Amino acid sequence: MFARKVSVRLKPDSLREFASLVECKILPWLQRQEGFLDLIILALPDGSEVATISFWDHEANAQSYNSSGYPEAVQILEKLLDGIPYVKTFKVVSSTFQMLAREREPEAGNLAPDSPAQLGYQGHETSV
């Protein structure tokens, strides 16, 4: 599983509109994308900065979104952003979400966790 973290500063008093646009326009599109699993929106208490974390089944699907849908998402949100979003892609090493997914998989035996030697950070950074 892979995660894409996008961080960006917001213009003043735009957090509510940002969350609404993500939930109403971007999330429905994401849910139709191959390999998309979940989206979390985080915000500083004062609403000046947000981070979104999207979860993907495979790196190729996360990268496909990065090249096809992400530029459109940025365009939808552009009027609310105070700067250029900072993007990183991570390999998910461990999560309770992964454990739940394994329990639901019919072939759960084939999804054994990586050995400690294989675990590690894998990241890609981009600016758009």
Side-chain angles (χ1 to χ4, degrees):
M1 180 165 46
F2 284 80
R4 290 183 77 253
K5 178 183 164 232
V6 180
S7 302
V8 68
R9 294 193 56 80
L10 292 179
K11 292 181 180 174
D13 302 316
S14 61
L15 177 59
R16 183 169 286 173
E17 186 177 357
F18 175 89
S20 178
L21 284 172
V22 170
E23 291 172 6
C24 296
K25 292 194 175 199
I26 296 169
L27 183 58
W29 185 85
L30 278 171
Q31 291 171 326
R32 293 188 303 270
Q33 301 312 298
E34 184 176 349
F36 174 76
L37 300 172
D38 196 16
L39 178 71
I40 298 172
I41 302 172
L42 306 171
L44 288 179
D46 66 1
S48 65
E49 186 176 329
V50 293
T52 61
I53 303 173
S54 59
F55 295 91
W56 300 84
D57 62 351
H58 299 289
E59 183 179 21
N61 290 328
Q63 294 303 331
S64 177
Y65 167 71
N66 189 61
S67 61
S68 64
Y70 176 70
E72 186 177 332
V74 171
Q75 188 174 19
I76 290 169
L77 299 167
E78 189 173 39
K79 67 180 181 179
L80 307 174
L81 307 181
D82 187 18
I84 297 171
Y86 184 73
V87 180
K88 282 187 172 183
T89 302
F90 297 88
K91 178 180 180 183
V92 177
V93 175
S94 177
S95 79
T96 56
F97 186 78
Q98 275 183 316
M99 289 179 225
L100 291 172
R102 285 188 186 123
E103 290 173 8
R104 291 186 198 130
E105 284 289 325
E107 298 176 25
N110 295 334
L111 299 176
D114 293 335
S115 70
Q118 293 173 317
L119 296 177
Y121 168 81
Q122 179 174 349
H124 307 283
E125 299 179 24
T126 59
S127 295
V128 176

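Positions are given from 1 along the sequence. None of the values given here were measured: they were computed from a predicted structure.
Residues Leu81 and Leu44 do not share a hydrophobic cluster, clusters being chains of Ile/Leu/Val/Met/Phe/Trp/Tyr side chains in contact below 4.5 Å.
Residues Leu15 and Gly47 share a closest heavy-atom pair of CD2-CA, 4.0 Å. Closest approach of Pro85 and Val6 over heavy atoms only: CB-CG1, 3.7 Å.
If you take CG on Asp13 and OG on Ser48, they are separated by 11.0 Å, rounding to the nearest 0.5 Å. Atom CD of residue Glu78 and atom CD1 of residue Ile84 lie 10.5 Å apart, to the nearest 0.5 angstrom. Separating the OG atom in Ser20 from the CG atom in Leu80 is a distance of 10.0 Å, to the nearest 0.5 Å. To the nearest 0.5 Å, atoms CG (Asp38) and CG (Leu27) are separated by 8.5 Å. Between the CG atom of Leu30 and the CG atom of Leu39 there is a distance of 6.0 Å, given to the nearest 0.5 Å. The distance from the CG atom of Leu21 to the OG atom of Ser14 is 10.0 Å, given to the nearest 0.5 Å.
Remark: Glu72 CD is loosely packed, at most 12 non-hydrogen atoms of other residues, nucleotides or ligands lying under 6.0 Å away.
Taking 4.5 Å as the limit, every side-chain heavy atom of Val8 sits out of range of all side-chain heavy atoms of Leu77. Side-chain contact between Pro28 and Arg32 is present, with heavy atoms from C-beta onward closer than 4.5 Å. Side-chain contact check for Ile53 versus Phe90: every heavy-atom pair is 4.5 Å or farther apart. Between Met1 and Ser95 the shortest side-chain heavy-atom distance falls below 4.5 Å.
Each of Phe2, Trp29, Trp56, Phe55 was evaluated against Phe36; a single residue qualifies, Trp56, per the ring-ring contact (aromatic ring centres under 6.0 Å, His included) test.
Side-chain atoms of Lys5 never come within 3.5 Å of backbone atoms of Ala51 as a donor-acceptor pair (strictly under, hydrogens ignored).
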| query | Given Gln63 and Thr89, is the side chain to side chain contact (heavy atoms under 4.5 Å, CB included) satisfied, shown in steps? | reply | CA-CA 9 Å; Gln63 294 303 331; Thr89 302; 3.6 Å; yes

